[in-house]
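What follows is a single structure, written as structure tokens, with notes after it.
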Amino acid sequence: MGWIFLMLFAALMAGFVQGVTGFGSGIIMMIFLPYLLPINQSAGVSTLTMIVANIMVVWHYRKYLKWQRLVLPFIIYITTAFFSVYLSKSMATGHLKSLLGLLLVVLAIYYLIMSIHSIKLKNIPIYVMFVFAIISGFFNGLFGIGGPLMALYFLTIADSKENYLASIQTFFLIDTFCITIIRFASGILTLVNLKFVFIGIIGAVAGTILANHLVKHLNLKIIKLCIYGFIAFSGIYYLITAI
């Protein structure tokens with residue numbers, strides 16, 4: 001029964017972090033899930049756990065969506081993710097842990113710098129979008145963590161906050177369906193894994209509700225710094241244990 005409590009806690013944390021900061025549910029889930037499942041299965045469970053919250057946001061902001069902005073980056077993204085999903089089946093566990101650890105450390109540093117200096121981009125050239133989509137698709141296929149660069153891309157080209165949320169959430173909702181089909185077809189995910197998803201959805205919804213109630217009472221800067229520090233610490237842990 002220990003897996004239930006760990007899954008609930010992981011999803012609760014993921015939902016809370018997503019509700020407070022607007023990002024990072026996949027990152028938080030991948031800190032905990034490798035204790036329960038192989039890394040490639042963890043990525044699949046992580047992706048599916050947030051699907052209910054994802055659908056709710058997409059429906060709420062549906063009228064602000066501009067479909068044409070999603071097509072090209074998604075084709076590049078999902079093509080790369082397709083290959084990295086199959087790559088994850090043949091990579092040694094130690095190598096996957098090393099990559100995951102390095103990714104978590106880099107993401108923590110990335111978010112810390114963006115937060116401290118309030119860096120904002122006014123434009124992203126088409127070739128940079130290609131690079132963002134390839135990198136994001138690659139790590140999404142391996143670990144279910146494809147959000148940071150694509151979020152930056154859609155934030156930069158968005159006409160409004162509503163358009164940004166509609167774009168990024170629709171992008172990842174379509175991704176969830178596509179990448180999950182690939183993972184089931186490749187044998188990475190099976191029906192047995194759905195028990196983790198169902199428990200996770202309960203935790204994720206609870207964490208999101210908790211965030212909505214507490215966010216106005218929290219010092220968000222301190223909370224974000226604690227989250228980034230925890231992500232970095234977890235990344236270093238995975239790097240050390242992979243040696």
Side-chain angles (χ1 to χ4, degrees), residues 18 21-30 39-40 42-44 46-48 50-51 54-55 57-58 61-62 64-91 96 99-100 102-111 113-114 119-183 185-186 188 231 235:
Q18 184 80 16
T21 68
F23 71 90
S25 60
I27 300 171
I28 298 300
M29 291 292 289
M30 287 304 292
I39 288 178
N40 51 8
S42 296
S46 170
T47 300
L48 275 175
M50 298 301 294
I51 193 171
N54 195 187
I55 290 173
V57 175
V58 167
Y61 291 105
R62 64 192 184 281
Y64 298 99
L65 180 65
K66 295 183 178 179
W67 281 96
Q68 64 274 19
R69 295 183 176 181
L70 274 62
V71 177
L72 182 57
F74 186 78
I75 290 173
I76 301 167
Y77 175 94
I78 200 65
T79 301
T80 310
F82 175 82
F83 287 107
S84 63
V85 164
Y86 284 93
L87 178 64
S88 71
K89 294 180 67 176
S90 59
M91 288 183 69
L96 282 172
L99 268 177
L100 176 59
L102 183 61
L103 176 61
L104 291 175
V105 171
V106 170
L107 285 175
I109 295 172
Y110 161 82
Y111 281 125
I113 293 174
M114 295 290 285
I119 297 173
K120 294 182 179 180
L121 301 179
K122 295 182 179 179
N123 185 42
I124 292 182
I126 187 70
Y127 66 88
V128 176
M129 182 274 288
F130 269 80
V131 174
F132 279 15
I134 290 172
I135 294 174
S136 298
F138 178 77
F139 283 109
N140 180 59
L142 289 180
F143 308 121
I145 301 175
L149 292 180
M150 296 314 301
L152 178 59
Y153 170 70
F154 284 116
L155 184 61
T156 303
I157 67 171
D159 303 323
S160 63
K161 180 182 73 174
E162 292 79 9
N163 174 236
Y164 161 70
L165 289 172
S167 298
I168 192 67
Q169 295 294 336
T170 301
F171 184 93
F172 285 116
L173 179 59
I174 299 171
D175 165 60
T176 295
F177 285 112
C178 293
I179 205 72
T180 298
I181 290 172
I182 294 171
R183 287 189 174 115
S186 65
I188 291 175
I231 292 172

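Sequential numbering from 1 along the given sequence is applied to the chain's residues. Scope of the values below: all heavy atoms of this structure, side chains included, with no hydrogens, waters or symmetry mates.
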Self-check item: Side-chain donor/acceptor of Ser46 to backbone N/O of Ser42, under 3.5 Å
Solution: no
Quiz item: What closest approach, in Å, do Ile179 and Ala81 show between heavy atoms, and which atom pair accounts for it?
Solution: CD1-CB, 3.6 Å
Practice problem: Spell out, as yes or no, whether a donor-acceptor pair under 3.5 Å connects the side chain of Thr170 to the backbone of Ser167. | Solution: no
Quiz prompt | Side-chain heavy-atom pair Ser186, Tyr86 within 4.5 angstrom cut-off | solution = yes
Quiz item: Residues in ring pair (Phe, Tyr, Trp, His ring centres under 6.0 Å) with Phe74, at least two apart?
Solution: Phe171
Quiz item: Could you walk me through whether Met150 and Phe172 pass the side-chain contact (heavy atoms from CB on, under 4.5 Å) check?
Solution: CA-CA 10 Å; Met150 296 314 301; Phe172 285 116; 4.0 Å; yes
Quiz prompt | Backbone N/O of Ile157 and side chain of Arg69: donor-acceptor pair under 3.5 Å | solution = yes
Exercise. Taking the side chain as every heavy atom from C-beta outward, state whether Ile168 and Tyr164 have any pair of such atoms under 4.5 Å apart.
Key: yes
Quiz item: Can you tell which of Ile188, Leu48, Ile51 makes a side-chain contact (heavy atoms from CB on, under 4.5 Å) with Thr180?
Solution: Leu48
Practice problem: Go through the side-chain N and O atoms of Asn40 and Arg183 and say whether any donor and acceptor fall under 3.5 Å apart. | Solution: no
Quiz item: For Asn163 and Tyr64, which heavy atoms make the closest approach, and how far apart are they?
Solution: ND2-O, 2.9 Å
Exercise. Could you tell me which residues satisfy ring pair (Phe, Tyr, Trp, His ring centres under 6.0 Å) with Phe130, sequence neighbours excluded, listed by chain and number?
Key: none
Exercise. For the residue pair Val128 and Phe132, establish whether any side-chain heavy-atom pair is separated by less than 4.5 Å.
Key: yes
Quiz prompt | Ser84 (side chain) donor-acceptor with Phe138 (main chain) under 3.5 angstrom | solution = yes
Self-check item: Residue pair Met30, Ile39: steps toward the side-chain contact (heavy atoms from CB on, under 4.5 Å) verdict
Solution: CA-CA 8 Å; Met30 287 304 292; Ile39 288 178; 4.0 Å; yes
Quiz prompt | Closest approach of Ile76 to Ala133 (non-hydrogen atoms, all atoms of both residues) | solution = CG2-CB, 3.7 Å
Self-check item: Over all atoms of both residues, closest heavy-atom pair of Met50 and Ser25
Solution: CG-OG, 3.6 Å
Practice problem: May I ask you to check whether over 12 heavy atoms, not counting those of Phe83, lie within 6.0 Å of atom CZ? | Solution: no
Self-check item: Close side-chain approach of Phe154 to Leu70, heavy-atom, < 4.5 Å
Solution: yes
Quiz item: With respect to Tyr77, which candidate in Leu72, Ile134, Asn140 satisfies the side-chain contact (heavy atoms from CB on, under 4.5 Å) definition?
Solution: Asn140
